[in-house]
2 protein chains.
Amino acid sequence: MNIRELARRSGVSTATVSRALNDRAEVSEATRAKIRALASELGYAPNEPARTLVRRRSDTIGLIWDSGQEARGLHNPYLLGLLSAVRTALSEADYHLMLLNTPGAEEQDTALLQAVRRHNLEGVIVLTTPPDDRCLRLLAGSTVPCAGIDTAFTGPRTVRVSSDNAAGAELAVQHLYEQGHRRIATVTGPLHLPPAAERLAGYLRACTRLGLAVPPEYVTEGDFFLASGQSAGKRLLALADRPTAIFAAGDQMAIGAMHAAADAGLSVPGDLAVVGFDDIDAASLVRPALSTVAQDQRGLGEAAVASLRGLIDAAPVEPAQPRIVPTRLVVRGSSRPRG
Amino acid sequence: MNIRELARRSGVSTATVSRALNDRAEVSEATRAKIRALASELGYAPNEPARTLVRRRSDTIGLIWDSGQEARGLHNPYLLGLLSAVRTALSEADYHLMLLNTPGAEEQDTALLQAVRRHNLEGVIVLTTPPDDRCLRLLAGSTVPCAGIDTAFTGPRTVRVSSDNAAGAELAVQHLYEQGHRRIATVTGPLHLPPAAERLAGYLRACTRLGLAVPPEYVTEGDFFLASGQSAGKRLLALADRPTAIFAAGDQMAIGAMHAAADAGLSVPGDLAVVGFDDIDAASLVRPALSTVAQDQRGLGEAAVASLRGLIDAAPVEPAQPRIVPTRLVVRGSSRPRG
DNA sequence: GACCGTGCCGTAAACGTTTCCGATCGGCGG
DNA sequence: CCGCCGATCGGAAACGTTTACGGCACGGTC
């Protein structure tokens, strides 16, 4: 069942069928309707590879994420939500989606770039901070439009979209302040990662704005995982000037801090309030449930797709501005009014 | 940079270049090496759409999962792991992967089938139990090879791969038995879903094998979510013949049961041991950490890909046997030896 | 020496679509 | 009546590959 067969049965030429189905103007309404009807009756679907070949565009974009993390057993609970958001946003824009595999160490440096060319991909969306990868750097350095969600690469035709990490952190601190807390400490992520640095900046900004003192020992660096939050919490709770609240730059670390409080015989939120960042699944499963700054995954996905489309059909006029997506505070039991 | 240009620069014809790069025999080693070298030097990558067009096979399979769940706010923490596993297994088999979007209610019934034909997909992998969808049923009923992970459709060229739910449940009960428990209750999932039914069957089988009495009130049905586990736990703990251990068919329900124990002033695992199923992220974050039956996501992904390949290049001889992948018990704090 | 097989390679026809370039046909103003 | 114009369509050339087919040279066998 190809366009020729459909043309034969409609009594017109393949050119007319193509024009009819592609909503071109040079075809009468009558024949267009007839062809449409016959096409859907016969279940005709145009062959995409052939279209791609002649049009020299595939309406397809590639998606890639850092699976190195999972390989090391570290799930990023956000990936799935981002994936779905990107997928629906792309399909609404009539793009197809191809999953690229993160090149391992044994791959060629050009593996990613080659994959893009092989499939005529019109752009690539990169999820989460990837390892310091040469493949990815090569891709970003090329003229292939790239949108990165929470990634830090730069290139001639790249755009970065990320949550408003600083504002989110401010939200958290503001909330704790409103609950009466004045001694608020923080556990950061690895500070060489942009999101971690931005969340710290937001924390500091809020503290100065609110007139809160931030002794240097109130800022401890973690690695986004449970254990680091627990040990950081333990250190913070042993301080002479013990904080009454902790803002952790990641939910796992926040849960770790809650464990540290329990270890010290302190109650949450009575003796220590905790606010995290990300709203992972576990946040609503632990007890007390974790207050946290939720990222807008759908918004991130839509922003990435919108930016990418801009990059695709616009000339590379200027380095695209990063797109910032607002966050939202979710208040749960771990920061309710002090008892 | 196409094959013609490469042929010109190598001083041979396009046919020879094609044969050289596709490892056909009718090319001398010398010219093959020369072409290879030139190709990688020039960064030549064959155009997949053109290949697909002429070969009439795309080396691409489609992936689809039920995003209805997420839309309703229900994350399936397993999806991401499965996704990665499928992706790596496919790329090792030199297949490309295209993400299909789950058709909404407004789509044509034939949307999925049409997508498969448009892109010349050679097969489809379906993740997690989808809604009772006509699109999917149409796909399964066609001759398109389909592999479903934890899905219950059937068709002429479909195969189902799933974890050994029954054996996993037996593992859990056996473990609790070995810890000295004799009164073991269970919280099931919705029993119309095959995994839930199988886990219950495994529980019952283990109990009879071990000679444990199972009063009817020891079996309560939940919906895989936290609240159902909590209320089920509450009911079980109020029983005159109170169980000393609970096997929950899902981790969220298991955590709910732990909350119920805390509400009743009981300690875990001292007064009540709990074992879950799935090993979601939260399992290792709650306190005490949750013992659980972990699914082998990588194994599931590889089995799905292997089955699909069998379906693709074999004649549809007989209805393919379902592939069963073993599970693994992860013992954590919630079921450690009784105090 | 004729013949055949084999190894290597080139020519050209496909694959299914889009689109450029004409062609045809009414209608309409001059 | 003539030429022009817009609307509608068909013919045919692309797009970049793979592969059937045939050709050529060479070595071996009778």
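All values derive from a computational prediction rather than experimental measurement. Lettering of chains follows the sequences in order, A, B, ..., and the numbering in each one begins at 1.
- Of the possible polar contacts, none joining the B:Arg309 side chain to the B:Ala93 backbone as a donor-acceptor pair under 3.5 Å is found.
- Note: CG (B:Asp23) to P (C:dC8) measures 14 Å, nearest angstrom.
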Which is it for B:Arg323 and B:Asp164 under the salt bridge (charged side-chain N to carboxylate O under 4.0 Å, His left out) test, yes or no, and what are the steps along the way? CA-CA 9 Å; B:Arg323 290 275 283 253; B:Asp164 197 338; over 6 Å; no
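- When rounded to the nearest whole Å, the span between CG of A:Leu21 and C1' of C:dG16 equals 13 Å.
- The minimum heavy-atom distance linking B:Ala20 with B:Ile35 is given by the pair CB-CD1, 3.8 Å.
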Going through the checks in order, is the side-chain hydrogen bond (donor to acceptor under 3.5 Å, both in side chains) test met by A:Asn120 and A:Ser58? CA-CA 6 Å; A:Asn120 276 84; A:Ser58 61; 6.0 Å; no
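- When only modelled atom types and interatomic distance are considered, B:Ser28 and B:Thr31 share a side-chain donor-acceptor pair under 3.5 Å.
- Remark: B:Asp23 does not engage B:Arg19 in a salt bridge, criterion side-chain N to carboxylate O under 4.0 Å.
- Atom-to-atom, CD of A:Glu5 to P of C:dG16 comes out at 11 Å; the value is rounded to the nearest Å.
- B:Arg4 places its CZ atom 15 Å from the P atom of C:dG10, with the value rounded to the nearest Å.
- Pairing each heavy atom of B:Thr60 with each of A:Met98, the nearest pair is CG2-CE, 4.3 Å.
- Taken residue by residue, residues 28-53 of chain A places heavy atoms nearer than 4.0 Å to DNA chain C at A:Tyr44, A:Pro46, A:Asn47, A:Ala50, A:Arg51.
- If you measure from atom CZ of A:Arg56 to atom P of C:dC20, you get 11 Å, rounded to the nearest angstrom.
- Put simply, NE2 on A:His119 is 15 Å from C1' on D:dG16, counting in whole angstrom units.
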Detail all sub-3.5 Å separations between protein N/O atoms and N/O atoms belonging to nucleotides 19-28 of chain D.
| residue | atom | partner | partner atom | Å |
| --- | --- | --- | --- | --- |
| D:dT19 | OP2 | B:Arg24 | NH2 | 2.8 |

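- Residue-environment remark: CZ (B:Arg36) exceeds the threshold of 12 foreign heavy atoms within 6.0 Å.
- For the helix from C:dG1-D:dC30 to C:dG30-D:dC1, the end axes, each set by the C1' atoms of five terminal pairs, are bent relative to each other by 60° (nearest 10°).
- Judged by distance alone, with hydrogens and angles left aside, the side-chain atoms of A:Arg157 form a donor-acceptor pair with the main-chain N or O of A:Leu311 at under 3.5 Å.
- When rounded to the nearest whole Å, the span between CG of B:Asp59 and P of D:dT17 equals 15 Å.
- One atom, CG of A:Leu6, and another, C1' of C:dT17, lie 13 Å apart when rounded to the nearest Å.
- Salt-bridge annotation for A:Arg298 and A:Asp296: absent, with no side-chain N of the basic residue lying under 4.0 Å from a carboxylate O of the acidic one.
- A distance-only check finds no donor-acceptor pair linking the side chain of B:Ser10 to the backbone of B:Val12 [under 3.5 Å].
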